[in-house]
Amino acid sequence: MQQTYFMIKPEIVAAGDQKIGAILAMVNAAGFRIVDLALRSLDRAPVEEFYTEHRDKPFFADLVAYIVSGPVIAIRLERDDAIRRLRELIGATDPREAAAGTVRFLYGRSLQNNAVHASAVAEDAERELQIVFGG
Ligand code: CMP
């Protein structure tokens, strides 16, 4: 069994329950178990730490401002091969490049407002879960 971090981003949470429910249903249908789930307003410092690999990118300030703009839904998920499977389910970072039927294809609006985040590799999953859930 492997755990990964999944985050429903502010614009989806702000849009209300229907999109949240639809995304959680996709995750459930793909065989993931929700181990922990919380509606969270994240502070700037942990978000900067969370996205530290992008610290020098031109979009970093906008990205951090966007993630702290409203509550997110933070989720710890579990299944075999969870990291790879969740990345497959959500699709490419840019919704315009995401495969049909993926979460970002269906719910993403732009490269920044791309609906959801999922850990890319095992060490990111561990770090991200530690930042958001404390372990
Ligand atoms: P996410 O998977 O959460 O990882 C980094 C985030 O930065 C990404 O999704 C987007 O929301 C945001 N972002 C904004 N611009 C870019 C870009 N040019 N390349 C990658 N990510 C970007």
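Quick note: residue numbers are just sequence positions, from 1. Ligands are counted one by one from 1 in listed order, and the atoms in each one are counted from 1 as well. FYI, side chains are in, hydrogens and waters are out, and symmetry mates aren't considered; it's all heavy atoms of this structure.
- Ring centroid separation for the pair His117 and Phe6 does not come in under the 6.0 Å cut-off.
- Residue-level proximity to ligand 1 for Lys9 is carried by the side chain, the only part with a heavy atom below 4.0 angstrom.
- The shortest side-chain heavy-atom distance between Met26 and Leu106 falls under the 4.5 Å cut-off.
- In terms of N/O distances under 3.5 Å, ligand 1 is not approached by Thr93.
- A 4.5 Å side-chain heavy-atom check between Asp36 and Ile75 finds every atom pair outside the cut-off.
- The ligand atoms of ligand 1 that sit less than 4.0 angstrom from a heavy atom of Asn114 are 8 (C), 9 (O), 10 (C), 11 (O).
- Distances below 4.0 Å separate heavy atoms of Leu63 from the following atoms of ligand 1: 6 (C), 7 (O), 11 (O), 12 (C).
- Exactly one of Leu39, Leu37, Ile73, Val72 qualifies for a side-chain contact (heavy atoms from CB on, under 4.5 Å) with Ile8. That residue is Ile73.
- Taking every heavy atom of His54 and a limit of under 4.0 angstrom, the matching atoms of ligand 1 come to 5 (C).
- Residue contacts with ligand 1: His117 is placed with a nitrogen or oxygen under 3.5 Å of a nitrogen or oxygen of the ligand (distance criterion only).
- Within the 4.5 Å cutoff, side-chain heavy atoms of Tyr66 are placed close to those of Pro10.
- Residues Phe32 and Glu78 have side chains not in contact (no heavy-atom distance under 4.5 Å, counting atoms from C-beta outward).
- Under 4.0 Å from ligand 1, not a single heavy atom of Arg87 appears.
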Verdict with reasoning, Glu123 to Arg127, per salt bridge (charged side-chain N to carboxylate O under 4.0 Å, His left out): CA-CA 6 Å; Glu123 65 183 23; Arg127 193 178 55 82; over 6 Å; no
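- Of all protein heavy atoms, the one lying nearest to atom 19 (N) of ligand 1 is Phe59 CE2, 3.7 Å.
- Between Tyr66 and ligand 1, not a single N/O pair is under 3.5 Å apart.
- When only non-hydrogen protein atoms are considered, atom 18 (N) of ligand 1 lies nearest to Leu111 CD2, 3.2 Å.
- When only non-hydrogen protein atoms are considered, atom 2 (O) of ligand 1 lies nearest to Arg104 NH2, 3.0 Å.
- Lys9 and Asn114 share a side-chain donor-acceptor pair at under 3.5 Å.
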